[in-house]
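In this text, all values refer to a predicted model and were calculated from it rather than measured experimentally.
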Amino acid sequence: MIAKLLAISLTAIFVQNFVLVKFLGICPFLGVSKKVDTALGMGMAVTFVMTLASMMTYLCQNYILAPLRIEYMQTIAFIVIIAALVQFVEMFLQKYIPSLYSALGIYLPLITTNCAVLGVALLNIQQDPPYGLIESMVNGFASGLGFLLAIVLFAGVRERLEFSDIPKSFQGFPIALVSASLLALAFMGFSGMSFNF
């Protein structure tokens with residue numbers, strides 16, 4: 001069991017990274033990655049929401065939607081669950097870490113519509129065979145760590161780019177896109193790897 005969980009984790013972080021391989025969750029990835037500390041805060045918030053969303057959506061799917069035979073409502077139900085979790089995170093940050101709350105700005109409520117969070121919840125159920133509760137939570141946590149890794153690496157690159165001599169036509173957002181594509185290319189090197197322990 002531990003070997004399977006380790007394989008799920010390594011696959012979610014490196015081989016199937018939501019941002020750099022599946023290209024989900026690009027809005028906060030590009031919007032909050034100007035400073036490493038805000039990127040770290042956003043990555044931790046997304047990791048927390050992905051982990052709890054994986055657990056809550058698994059329970060909702062298997063104990064509410066499936067027994068009532070209303071699986072077609074899963075997208076709506078999952079979005080409601082994710083929105084409630086994000087609201088909880090937002091209230092927590094506003095009360096206990098107001099500097100991070102104001103630094104994340106509009107991007108914090110956008111976790112609700114972050115397709116990576118919804119994507120991990122749906123992919124947990126669509127696996128063949130579907131993940132169990134522990135596997136879903138490990139996949140959600142590891143996917144969040146993959147997001148955290150990607151956004152912190154990208155923020156580090158963007159901070160270094162501020163002190164680089166960049167041609168005028170590439171300054172600002174264009175060089176950020178070029179840097180993101182190069183980072184995605186680096187992660188594509190993991191494609192095809194299989195972790196079978």
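From Ile97, atom CD1 reaches atom OG of Ser102 across 11.0 Å, with rounding to the nearest 0.5 Å. Atom CD1 in Ile82 sits 5.0 Å away from atom CG in Leu118 (nearest 0.5 Å). The CZ atom of Phe141 lies 8.5 Å from the OG atom of Ser9; values are rounded to the nearest 0.5 Å. We find the OG-CZ distance between Ser179 and Arg158 to be 8.5 Å, quoted to the nearest 0.5 Å. One distance of note links CD1 of Ile8 with CG of Asn124; it measures 8.5 Å at 0.5 Å rounding. From Ser143, atom OG reaches atom CG of Leu148 across 12.5 Å, with rounding to the nearest 0.5 Å.
When side chains are defined from C-beta on, Pro28 does not count as touching Val46, because their heavy atoms never get closer than 4.5 Å. Considering only heavy atoms from C-beta on, Ile111 comes within 4.5 Å of Val117 through its side chain. Side-chain contact between Thr47 and Met44: absent, with no pair of heavy atoms (C-beta onward) separated by less than 4.5 Å. In this structure, the side chains of Lys22 and Leu123 come closer than 4.5 Å at one or more pairs of heavy atoms. No side-chain heavy atom of Val15 sits under 4.5 Å from any side-chain heavy atom of Ser191.
In plain terms, the two heavy atoms of Phe18 and Ala116 that are nearest each other are CE2-O, 3.9 Å. Closest of all the heavy-atom pairs between Met50 and Gly140 is CB-O, 3.5 Å. Pairing each heavy atom of Ser33 with each of Ile151, the nearest pair is CB-CG1, 4.1 Å. Here the shortest heavy-atom pairing between Leu183 and Ala150 reads CD2-O, 4.0 Å. Closest approach of Pro130 and Ile125 over heavy atoms only: CB-O, 3.5 Å. Looking at every heavy atom in both residues, Thr57 comes nearest to Ala121 through OG1-CB, 3.6 Å.
With a 6.0 Å radius and a threshold of 12 heavy atoms from other residues, nucleotides or ligands, Met91 has its CE atom above the threshold. Counted within 6.0 Å of CE on Met56, heavy atoms from surrounding residues, nucleotides or ligands total 12 or fewer; the atom is thus considered open.
Side-chain atoms of Gln94 do not come within 3.5 Å of backbone N or O of Tyr101 as any donor-acceptor pair. Panel note: side chain Asn17, backbone Ile13; a donor-acceptor pair is recorded below 3.5 Å.
Applying the ring-ring contact (aromatic ring centres under 6.0 Å, His included) test to every pair with at least one member in residues 64-83, sequence neighbours left out, gives no pairs at all. Applying the ring-ring contact (aromatic ring centres under 6.0 Å, His included) test to every pair with at least one member in residues 145-164, sequence neighbours left out, gives these pairs: Phe29-Phe154. Listed by first and then second residue, the salt bridge (charged side-chain N to carboxylate O under 4.0 Å, His left out) pairs that reach into residues 33-55 are Lys35-Glu162, sequence neighbours excluded.
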Please step through side-chain contact (heavy atoms from CB on, under 4.5 Å) for the pair Leu149 and Leu145, ending with a clear verdict. CA-CA 6 Å; Leu149 176 68; Leu145 288 181; over 6 Å; no
Test side-chain contact (heavy atoms from CB on, under 4.5 Å) on Asn114 and Cys27 and set out the steps. CA-CA 8 Å; Asn114 188 339; Cys27 179; over 6 Å; no
Would Leu5 and Ile134 count as a side-chain contact (heavy atoms from CB on, under 4.5 Å) here? Give the steps. CA-CA 9 Å; Leu5 296 178; Ile134 300 299; 4.0 Å; yes
Quick one, Cys60 with Ile81, criterion side-chain contact (heavy atoms from CB on, under 4.5 Å). Give me CA distance, side-chain angles, the key distance, then yes/no. CA-CA 9 Å; Cys60 177; Ile81 290 169; 3.7 Å; yes
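The aromatic rings of Phe187 and Phe14 sit parallel to each other, their planes meeting at less than 30°, with 60° as the upper class boundary.
In terms of hydrophobic clustering, with Ile, Leu, Val, Met, Phe, Trp and Tyr side chains grouped at heavy-atom distances under 4.5 Å, Val152 and Phe48 are assigned to a common cluster. In the hydrophobic clustering of ILVMFWY residues, with side-chain heavy atoms under 4.5 Å counting as a link, Val89 and Val80 come out apart.
In this structure, Ile166 shares a hydrophobic cluster with Val157, Leu161, Phe170, Ile175, Val178, Leu182, Leu185, the cluster being traced through Ile, Leu, Val, Met, Phe, Trp and Tyr side chains under 4.5 angstrom apart.
With sequence neighbours left out, the side chain to side chain donor-acceptor pair (under 3.5 Å) criterion links Gln61 to Gln74. Judged as a salt bridge (Lys or Arg N to Asp or Glu O under 4.0 Å), and not counting sequence neighbours, Glu90 has no contacts.
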